[in-house]
2 protein chains.
Amino acid sequence: MDNEIQKVTHVQNIRYDRQAEALYIIDQTLLPNEEREICLQTAEEMYDAIKALKVRGAPAIGICAGYCMYVLAKSVRTEDQQVFLRKLGEYGEYLNSSRPTAVNLSWAIRSMLRTAVENVGCTRGQMLDALYEKAVSIHRDDIDKCTKISEFGLTLIKDGDGILTHCNAGPLATSRYGTALGPILLGTERGMKFKVFSDETRPLLQGARLTSYELQRAGVDVTLICDNMASMVMKNGWVQACFVGCDRVAANGDTANKIGTSGVAILAKHYGIPFYVLGPTSTVDMDCPAGDDIKIELRDPEEIKTMWYEKPMALPEVQCYNPAFDVTDHSLIAGIVTEEGVIRPPYDKNLKKLFARKG
Amino acid sequence: MDNEIQKVTHVQNIRYDRQAEALYIIDQTLLPNEEREICLQTAEEMYDAIKALKVRGAPAIGICAGYCMYVLAKSVRTEDQQVFLRKLGEYGEYLNSSRPTAVNLSWAIRSMLRTAVENVGCTRGQMLDALYEKAVSIHRDDIDKCTKISEFGLTLIKDGDGILTHCNAGPLATSRYGTALGPILLGTERGMKFKVFSDETRPLLQGARLTSYELQRAGVDVTLICDNMASMVMKNGWVQACFVGCDRVAANGDTANKIGTSGVAILAKHYGIPFYVLGPTSTVDMDCPAGDDIKIELRDPEEIKTMWYEKPMALPEVQCYNPAFDVTDHSLIAGIVTEEGVIRPPYDKNLKKLFARKG
């Protein structure tokens, strides 16, 4: 199973080396200048990796969290299973606090904890094997979901289309094809040509550092633009569809994604361009009625003022507002592309139907 | 007259020192870390200063160009006035090619050339005096216009309002109060309080480096945001008006301004916030029927990929699209604030009326 995961992944962003008993991730904050793997051993290293966006993208965070919980489970040296469960629960709570907006994080942690509870009464070895299998299955499921999302997304565009994307929802953010970039990468494999516009995505520049990197490496015609150029690119008639990922989708279709996504959606509506959200159904939070209920993480002002730059780009005393995400109103979204198909409005009704069917 | 100019200017971005016979500008590319004056002596230095945005903002470029033409006129050592006029015309053409979109540049150069033609037959000393007086009058007129624009703009907002601005149209871009920042600075002098959101304005970060610098220095409550955060700030209900400058206004009200301006206008319309363009009537080009006729300058991709950064932020081979300006459709503009008053739609009719009245 491990081999299969390795084989099909475009960029191996997360890998658990069973021989070395070690979890490795590509430190995405160093891309595109350096492709360096780091080993996550302690809960603090894991918390930091998620918080500092060394691993990022909702699905990738989920995959990483699964392996993290397995590594932490191995580190709990006790025969008392109540102590083991309590300690694992504490680790889960700690990791979960690193990125409050990422529903995949809490989802993966809960899945691992459920597996642990289900295996109470087994030997320590059996417990750890079950947790390892669960982590691998989270990873494998994501590859499967990304492939399906890519197939469904590909039905929405045609050869020669221009596609605008914001932030990064490619292989680095997920597994294999990614979500928002999935249809593009899959179509390119099949000989189709697209012209992709990648918003650089301030302040952390995921579009410049990651998306344009992934697409360029995959041989896709990609053009990097500043976020504020999207309006002009659309006005020029160069964009036939917008594809973005998602960090959390509320039950009514409101979607939290990287800051700036809602602006892209409003521009797309203005110019009559369909705006699609791509993500696995695990990103849909049916317990969250609407976007207003999504807690938005505020990040360090220095990300805007000094990070990346040789010299400060503003007076040190200037205040900044630095939300990590914004919420795109469901009325701006033409479709939500999941592994179960393309969900269309009305989202409240159609998401409820989908989850009723899934059970 | 020189003293009056010096006295009323918030930041002395351009000054001609008559004793030293030298033209000085603040190199705006070094702000906010360093406030350094540079001396412009040759046509090449002047071309470079305008091209490289050491002096920037349509009115400031016009003011600078006036003094530049005077300095260049002084450098032409001939008693043959036809040779003098031809040489000055060549200098004008050369300077004019440094920023094709800035109508104030060609306007100021034409004004200086007209003054030269009007003084054919005078002594060399009289000719140079006339050109100096013309350059000073361009400067003085801008101060006068900015003050009037600030007064008219102030009628559009009230104490406590939140105002979003894009790029820089403050004292550094103009003279004295500036245009887009004028009402804010004037109102602040009168004890009013505003909460200003300054888009950082990628790729050259004029909002971070210049606008937030000017406002912070003036004691205004300013919050710096990335361009892609404007949608969220508006959605939060924090913005009651948008104020932007302009590089060229077409006869139908379509407005060329810093890239990203059209996106702000579309967001403002979506959220029901009035979007105002502030600039002197010299920025209105009645010979340009509509925005489609405005030539948009494309700039170096490295401004997006490597400028400011310690390390490249994208693979070197990634292509970029880097337009310096975009055009905001007149339908998105609630009013154009000039020294003659606030022009309201329909712009084609009302701008024609204004210019007929001005003669």
Side-chain angles (χ1 to χ4, degrees), chain A residues 32-34 166 197-203 205 207-209 212-213 215-217 221-233 235 258-267 269-271 296 301 304-305 308-315 317-323 325-327 329, chain B residues 32-34 166 197-203 205 207-209 212-213 215-217 221-233 235 258-267 269-271 296 301 304-305 308-315 317-323 325-327 329:
Chain A
N33 295 293
E34 192 184 345
H166 187 77
F197 294 89
S198 169
D199 278 0
E200 65 175 356
T201 318
R202 284 279 293 152
L205 297 164
R209 294 185 299 108
S212 76
Y213 167 87
L215 293 175
Q216 186 81 30
R217 283 270 187 267
D221 179 349
V222 59
T223 299
L224 178 64
I225 58 171
C226 296
D227 302 319
N228 65 27
M229 295 166 187
S231 170
M232 182 146 175
V233 167
K235 191 178 184 183
K258 183 56 55 200
I259 185 70
T261 302
S262 72
V264 173
I266 291 164
L267 296 177
K269 187 185 179 189
H270 179 82
Y271 290 111
I296 300 294
I304 297 179
K305 286 195 284 185
W308 312 123
Y309 302 120
E310 288 186 51
K311 292 181 181 178
M313 299 316 279
L315 287 176
E317 59 267 38
V318 168
Q319 62 193 339
C320 292
Y321 174 61
N322 186 17
F325 304 94
D326 63 16
V327 174
D329 196 85
Chain B
N33 294 293
E34 191 183 345
H166 187 76
F197 294 90
S198 169
D199 278 359
E200 65 175 355
T201 318
R202 282 280 293 153
L205 298 163
R209 295 186 299 109
S212 75
Y213 167 87
L215 293 175
Q216 186 80 29
R217 283 272 187 265
D221 179 349
V222 58
T223 300
L224 178 64
I225 58 171
C226 296
D227 302 319
N228 66 27
M229 295 165 186
S231 171
M232 181 145 175
V233 166
K235 192 178 183 183
K258 184 55 57 200
I259 185 70
T261 303
S262 72
V264 173
I266 292 164
L267 296 178
K269 188 185 177 189
H270 179 81
Y271 290 111
I296 299 295
I304 297 178
K305 287 194 285 186
W308 311 122
Y309 302 121
E310 288 186 51
K311 293 181 182 178
M313 299 316 280
L315 288 176
E317 59 267 38
V318 168
Q319 62 194 339
C320 292
Y321 174 62
N322 185 18
F325 304 94
D326 62 17
V327 174
D329 197 83

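The model shown is predicted, which means the values in this text are computed figures rather than measured ones. All chains are named by letter (A, B, ...) in the order of the sequence lines, taking the proteins before the strands, and each is independently numbered beginning at 1.
With a 4.5 angstrom heavy-atom cutoff, A:Asn33 touches chain B only via side-chain atoms. In this structure, the portions of A:Val327 lying under 4.5 Å from any heavy atom of chain B include both its backbone and its side chain. Neither the backbone nor the side chain of A:Leu215 comes within less than 4.5 Å of any heavy atom in chain B. Neither the backbone nor the side chain of A:Lys258 comes within contact range of chain B; no heavy atom of the residue lies under 4.5 Å from a heavy atom of that chain. Contact annotation for A:Asn228: both backbone and side-chain heavy atoms come within less than 4.5 Å of a heavy atom of chain B. Looking at A:Phe197, neither its backbone nor its side chain comes within 4.5 Å of chain B, counting heavy atoms on both sides.
Atom SG in A:Cys226 sits 8.5 Å away from atom CD1 in B:Ile259 (nearest 0.5 Å). Atoms CG and CG, on B:Asn322 and A:Leu224 in that order, are 9.5 Å from each other to the nearest 0.5 Å. Taken to the nearest 0.5 Å, the OH atom of B:Tyr309 stands 12.0 Å off from the CD atom of A:Glu310.
Between chain B and the options A:Glu317, A:Met313, A:Met232, the largest number of non-hydrogen pairs under 4.5 Å is found for A:Met313. Chain B forms the most heavy-atom pairs under 4.5 Å with one residue out of A:Ile225, A:Ile304, A:Asp199, and that residue is A:Ile304. Contacts with chain A were tallied for B:Thr201, B:Thr261, B:Val264, B:Val222; B:Val222 has the most, counting heavy-atom pairs under 4.5 Å. Note on A:Glu200, A:Arg209, A:Met229, A:His270: by heavy-atom pairs under 4.5 Å with chain B, the leading option is A:Met229. Highest contact tally toward chain A, considering only B:Asp227, B:Leu315, B:Asp326, is held by B:Leu315 [criterion: heavy-atom pairs under 4.5 Å].
Taking each heavy atom of B:Gly263 and A:Leu267 in turn, the nearest pair found is CA-CD2, 3.8 Å. When all heavy atoms of B:Thr223 and A:Tyr321 are compared, the pair lying nearest together is CG2-N, 3.6 Å. What you find for A:Ile266 and B:Ser231 is that their closest heavy atoms are CD1-OG, 3.7 Å.
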